[in-house]
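Below, chains carry the letters A, B, ... as their sequence lines are ordered, and counting in each starts from 1.
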Amino acid sequence: MQLYKTQHLKVYNSLSGQKELFTPIHEGAIGMYVCGPTVYSNVHLGNCRTFMSFDMIFRYFKHLGYKVRYVRNITDAGHLENDADDGEDKIAKKARLERIEPMEVVQRYTVDFHTILQKFNFLPPSIEPTATGHIIEQIEIIKEILNKGFAYEVNGSVYFDVPKFNETHNYGKLSGRKLEDMIANTRELAAQDDKHSPQDFALWKKAEPQHIMRWPSPWGDGFPGWHLECTAMSTKYLGETFDIHGGGMDLKFPHHECEIAQAEASNGASPVNYWLHANMLTMNGKKMAKSTGNNILPDEIFSGNNSILSKAFTPTVVRFFMMQAHYTSILDLSNDALLASEKGFQKLMEALSAIDKLETGASSDFDFTAWQQKCYDAMNDDFNTPTLIAHLFEAVKHINAIKEKKEAISEADKTLLKETFNAFIFDILGLEDKNDANSDSDKLSGVVALLIQLRKEARDNKDFATSDIIRDQLAALGIQLKDGKEGTTFSIS
RNA sequence: GGCAUUGUGGCCGAGUGGCUAGGCAGAGCUCUGCAAAAGCUUGUACAGCGGUUCGAAUCCGCUCGAUGCCUCCA
């Protein structure tokens, strides 16, 4: 059955600035494009947050029964470092610094990107196209824009004519900018520039002799402009108008604004119905960015090898931390926040594992069907994962009460509870119940189990000196024993 | 300077014109040989100053602060 027929989803559309009822162009099917990474260095945690937000969105669409074509590109053609003529593309620069082929840089960091996302339990997109694999498509779009008169060629480069475009279209409608204001606020620089207007942007740049990444084109050897690849690839795989375009908030202007302009100039149609923007992850209150050095790598968190965190955190805890904030809000990373998330996540997992053991009765004291709908309502309200998680914790309270026989649950509700928990926690939020430490080594588990047994015997004999030695020595090794009604379990920190 | 977003209890972080967010920490309790773990209970916060309203943390204005974009950036 298709849930989307009964669950009505609202999304915040950056284009309108409002939450809108989501209706795909083709019933039951969704086309979604998300701007992927530029693979010139290791993906940092801030990058991951954006992709994780859209991974969650992708997962929810699938859960609702939509057929989704999710396209997330790899930018491997490099972007210009700056707008001046001597701009150098990032990948070429990195290649020169490291004395390797540009495609070697691309390969290295593409692999890193995929490895990290896998650790975070990402679902792979339907298509992951690369910019260099779509040079021909990009050239075709440039030709079309030139034909329509919205671009001009200068010295082997082609620029998009923003003022001309703005005469008949609305440049700035996504970011809420007005061309007049932009012109009025233009900084005075770029003395020797081929561009007619500072607002114009490159569709094709002439490659200087020393430039490594280059392709032949009708305008000579060069490379595509910064915004073109997304237009080319989204159009190719999703059509001239598609449902959702996502990306980080920092891409809204100029990148996405230019995408709209390119698409409208080349084929006349507005390319995207719903623009979704994920907000930034900050650290110490500042945006994470490769360029400023204010960032942390995922592996530095997983290993605990960094200066801001007191310990290591697993990928799923980091994911839970991020899901506790709404994707459109700025989220600040800190040790305390991560610690809080870790404890909360453990609590959730313990409740989940307790469900199976719950004894059922004739009826339930809690309306689990209504509760389940509240979970959906949260997600239907622009993917409100923090509210969803609050509802999950509400259920945790009832699970514990049932466990202690203070409340009752019916067999049917127990099944519903289990299915709902699994669906939201694993399928939608993408979390994993990995007790890394415990599953680490069967031998270790066996040894600890043996020690637990010896300690139990000592305690039964009231030999507390021995039992406390076992407990304290294990604790010193980072193995904590947890005495419960059903016996003793342990966790490794 | 321009555009945009934002300011919630010790920390993180939702939300809404009047009805408990949630997590963590803290406090109390239960359990325990003692602890730990676990569970239960507990907090009336919404930058400041005005205004609209029967009623605003939620709407409007101003002040102050923060962040993002305006050059590549998730």
Sugar-phosphate only, base, or nothing, as touched by [X] at under 4.0 Å among non-hydrogen atoms:
X: A:G172; answer: nothing
X: A:S175; answer: sugar-phosphate
X: A:L251; answer: sugar-phosphate
X: A:H277; answer: nothing
X: A:L392; answer: nothing
X: A:A278; answer: nothing

**OP:** List the steps and the verdict of ring pair (Phe, Tyr, Trp, His ring centres under 6.0 Å) for A:H256 and A:H277.
**Re:** CA-CA 10 Å; A:H256 292 156; A:H277 286 100; 5.0 Å; yes
Report the base-pairing partner of [N] (Watson-Crick or G-U wobble, both distances below 3.5 angstrom), or none.
N: B:U67; result: B:A4
N: B:G9; result: none
N: B:C54; result: B:G18
N: B:C62; result: B:G48
N: B:G39; result: B:C29

Roughly how far apart, to the nearest Å, are [N] and [M] at atom [atom1]?
N: B:U16; M: B:G7; atom1: P; answer: 12 Å
N: B:C40; M: B:A74; atom1: C1'; answer: 43 Å
N: B:G13; M: B:G28; atom1: P; answer: 28 Å
N: B:G68; M: B:U63; atom1: P; answer: 22 Å
N: B:C70; M: B:U20; atom1: C1'; answer: 43 Å
N: B:A57; M: B:G48; atom1: C1'; answer: 13 Å
N: B:G26; M: B:C49; atom1: P; answer: 33 Å
N: B:U53; M: B:A27; atom1: P; answer: 47 Å

Rounded distance (Å) that lies between atom [atom2] of [N] and atom [atom1] of [X]:
X: A:F51; N: B:C73; atom1: CZ; atom2: P; answer: 11 Å
X: A:W275; N: B:A74; atom1: CH2; atom2: C1'; answer: 14 Å
X: A:H255; N: B:C70; atom1: NE2; atom2: P; answer: 13 Å
X: A:F320; N: B:C12; atom1: CZ; atom2: C1'; answer: 12 Å
X: A:L388; N: B:G13; atom1: CG; atom2: P; answer: 18 Å
X: A:N384; N: B:G22; atom1: CG; atom2: C1'; answer: 11 Å
X: A:L348; N: B:G23; atom1: CG; atom2: P; answer: 11 Å
X: A:Y40; N: B:C73; atom1: OH; atom2: P; answer: 8 Å

Original post:
So which heavy atom on A:L45 is nearest to which on A:P298, and how close?
Top reply: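 Minimum heavy-atom contact is N-CD, 3.9 Å.
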**OP:** Tell me yes or no: between the side chains of A:S175 and A:E257, is some donor less than 3.5 Å from an acceptor?
**Re:**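 On atom types as modelled, these side chains qualify, holding a pair under 3.5 Å.
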Subject >> Six-ring centre of A:F313, A:K311 cation under 6.0 angstrom, axis tolerance 45° >> reply: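 Checked: cation-pi criterion met.
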Original post:
Taking the six-membered ring of A:F464, is NZ or CZ of A:R459 closer than 6.0 Å to its centre and within 45° of its axis?
Top reply: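 Verdict for A:F464: no cation-pi partner in A:R459.
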Original post:
Choosing from B:G23, B:G13, B:A74, which nucleotide comes nearest the side chain of A:A340?
Top reply: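 When the side chain of A:A340 is considered, B:G23 is the closest of B:G23, B:G13, B:A74.
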Subject >> Nucleotide nearest A:D250 (side chain, heavy atoms from C-beta), chosen from B:C72, B:A74, B:G13 >> reply: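 The answer is B:A74, which lies nearest to the side chain.
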Subject >> Ring-base stacking, A:F464 with B:G33 (5.5 Å, 30° cut-offs) >> reply: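 Answer is yes, a stack.
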**OP:** Assign each of A:L339 and A:K19 to its nearest nucleotide of RNA chain B by heavy atoms, then name whichever residue's nucleotide is nearer the 5' end.
**Re:**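 The 5'-side residue here is A:K19.
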Original post:
Between A:Q324 and A:I330, which has a closest nucleotide on RNA chain B that is more 5'?
Top reply: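 Counting from the 5' end, the first nearest nucleotide belongs to A:Q324.
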Determine: side-chain N/O of [X] to OP1/OP2 of [N], distance under 4.0 Å, yes or no.
X: A:K287; N: B:A74; answer: no
X: A:T38; N: B:A74; answer: yes
X: A:N47; N: B:C73; answer: no
X: A:K286; N: B:U67; answer: yes
X: A:S329; N: B:A14; answer: yes

From [X] [atom1] over to [Y] [atom2], what is the distance, rounded to the nearest 0.5 angstrom?
X: A:I425; Y: A:C375; atom1: CD1; atom2: SG; answer: 9.5 Å
X: A:I399; Y: A:E404; atom1: CD1; atom2: CD; answer: 12.5 Å
X: A:I470; Y: A:E457; atom1: CD1; atom2: CD; answer: 9.5 Å

Original post:
Can the ring centroids of A:Y376 and A:F424 be said to lie less than 6.0 angstrom from one another?
Top reply: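 Yes, close enough.
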Subject >> Residue A:K397 excluded, over 12 heavy atoms near NZ under 6.0 Å >> reply: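 Count not over threshold, so no.
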**OP:** May I have the step-by-step check of salt bridge (charged side-chain N to carboxylate O under 4.0 Å, His left out) for A:D194 and A:K206, ending in yes or no?
**Re:** CA-CA 11 Å; A:D194 290 334; A:K206 177 185 181 178; over 6 Å; no
Original post:
Side-chain donor or acceptor of A:R177 under 3.5 Å from a matching atom on the base of B:C70?
Top reply: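 Result: no qualifying N/O pair found.
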Protein-nucleotides 34-40 of chain B N/O pairs closer than 3.5 Å?
| from | atom 1 | to | atom 2 | distance (Å) |
| --- | --- | --- | --- | --- |
| B:C34 | O2 | A:R471 | NH2 | 3.4 |
| B:C34 | N3 | A:R471 | NH2 | 2.2 |
| B:C34 | N4 | A:R471 | NH2 | 3.0 |
| B:A35 | N6 | A:D483 | OD2 | 2.4 |
| B:A35 | N1 | A:D483 | OD2 | 3.4 |
| B:A35 | N3 | A:R471 | NE | 3.4 |
| B:A35 | N3 | A:R471 | NH2 | 3.3 |
| B:A36 | O2' | A:Q480 | NE2 | 2.5 |
| B:A36 | N1 | A:D483 | N | 3.1 |
| B:A36 | N1 | A:D483 | O | 3.1 |
| B:A37 | N3 | A:D483 | O | 3.4 |
| B:G39 | O2' | A:E404 | OE2 | 2.9 |

